[in-house]
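Here's the structure, in structure tokens; my notes come after.
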Amino acid sequence: MIPQLSGHSLLVFVGIPLLVVAVLALLVFASSIADGPRYRPGLSWWAPPVWINGPTATKPDPANLPELPELTGAPGTTATAGTGVARTTGGASASW
Amino acid sequence: MPAGDAFTPDQLYDLERAVRYAEETSGLHFSVYVGGADSETRPFALELFNELDDPDSSVLVYVDPAGRRLEIVTGPLAKRQLSDTAAGLAALTMQTSFATGDLTGGLVTGVQQLGTHAHQPPLLHASDEQHKL
């Protein structure tokens, strides 16, 4: 026979545990909720471009940039597009 | 954070601080671009690089999160201070962080590393003060 639970018993044995679980879940997920969507490699990128310390003049819209001549992907290539000034650049490339 | 932004204000602050550190340490101009490329990443990064105010003395870190590509572009003058090998080491550092989904941490560490590698100690013998003594 199932004993009848009073309102007080329900509060103590159901309400309080639920409250504790809710608080713990909030503590666990608070940081990710505050940070918003996180970058996950392999999934689509959702955000608009960000250029930190970019040119002081009007920033170009990447969608309207002129077509570039074919360049090899290796560092040390000569960049001539945009300004028309040829300069030998260096650097590195990586993928993940 | 507003929906759709790549970085929170705190993350942007950390990135800008890392860029300032790299610039103060090396004397070069550092720039970071995070976004997709319409074409191949290297030509696109070079196009962005040429838009900078002083490309010859600049270092551009270009990250394509969707394409999972990273490009570091150094100008002719910057290349004297920051070799391709040093840039490759910083790229490796960033690559490791990006693979775990930590864009901000990878960029901050990588840019700081680039600035440290490009650091040049002052030439004391070239100072005018020495000649006055």
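To find a chain, count down the sequence lines: A is the first, B the second, and so on, and within it residues start at 1. This is a predicted model, so every value here is computed, not measured.
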Next item on the list: On the 0 to 90° scale, with breaks at 30° and 60°, tag the A:W96-B:F98 ring pair as parallel, tilted or perpendicular.
Entry: tilted
Check this for me: B:Q112, atom CD, are more than 12 non-hydrogen atoms of other residues, nucleotides or ligands nearer than 6.0 Å? yes
inquiry  = Are B:L12 and A:V50 packed together at the side-chain level, in the sense that at least one heavy-atom pair is separated by less than 4.5 angstrom?
reply    = yes
(request) Output yes when a side-chain donor or acceptor of B:S31 lies under 3.5 Å from a complementary backbone atom of A:N53, and no otherwise. (result) yes
_Quiz question: by atom type and distance under 3.5 Å, do the side chains of B:D53 and A:T56 form a donor-acceptor pair?_
yes
So, the part of B:V61 with a heavy atom under 4.5 Å from chain A: the answer is neither
If you tally heavy-atom pairs under 4.5 Å between each of B:V63, B:L15, B:I72 and chain A, the highest tally belongs to B:I72
B:D102 meets the salt bridge (charged side-chain N to carboxylate O under 4.0 Å, His left out) criterion, sequence neighbours left out, with none
Checklist entry - Do the side chain of B:Q95 and the main chain of A:S95 share a donor and acceptor less than 3.5 angstrom apart? => result yes
*asked:* Could you check whether any side-chain heavy atom of B:L52 comes within less than 4.5 Å of a side-chain heavy atom of A:W51, counting everything from C-beta outward?
replied: yes
Between the OG atom in A:S93 and the CG atom in B:L70, the distance rounded to the nearest 0.5 Å is 7.5 Å
Scored by heavy-atom pairs under 4.5 Å with chain A, the best of B:V34, B:D56, B:V19, B:T41 is B:V34
Heavy atoms of B:P65 and A:Y39 approach each other most closely as O-OH, 2.9 Å
Cut-off 4.5 Å, heavy atoms of chain A, and the answer for B:T100 is backbone
The interface call for B:L60 against chain A, heavy-atom contacts under 4.5 Å, is side chain
Heavy-atom closest pair (B:A91 atom, A:A92 atom, distance to 0.1 Å) is CB-CB, 4.3 Å
When rounded to the nearest 0.5 Å, the distance separating CD1 of A:I52 from CZ of B:F30 is 13.5 Å
Cut-off 4.5 Å, heavy atoms of chain A, and the answer for B:V32 is both
Note: B:A99 and A:P41 closest approach over all heavy atoms is O-CG, 3.6 Å
Grouping I, L, V, M, F, W and Y whenever their side-chain heavy atoms are under 4.5 Å apart, do A:L10 and A:L18 come out in a common cluster? yes
Residue pair B:L46 / A:T89, side-chain heavy-atom distance below 4.5 Å
yes
If you tally heavy-atom pairs under 4.5 Å between each of B:G75, B:G88, B:P76, B:G35 and chain A, the highest tally belongs to B:P76
Closest non-hydrogen atoms of B:R42 and A:G90, given as atom of the first, atom of the second and distance, are NH2-O, 3.1 Å
Whatever's closer than 4.5 Å to a heavy atom in chain A on B:D10 counts as neither
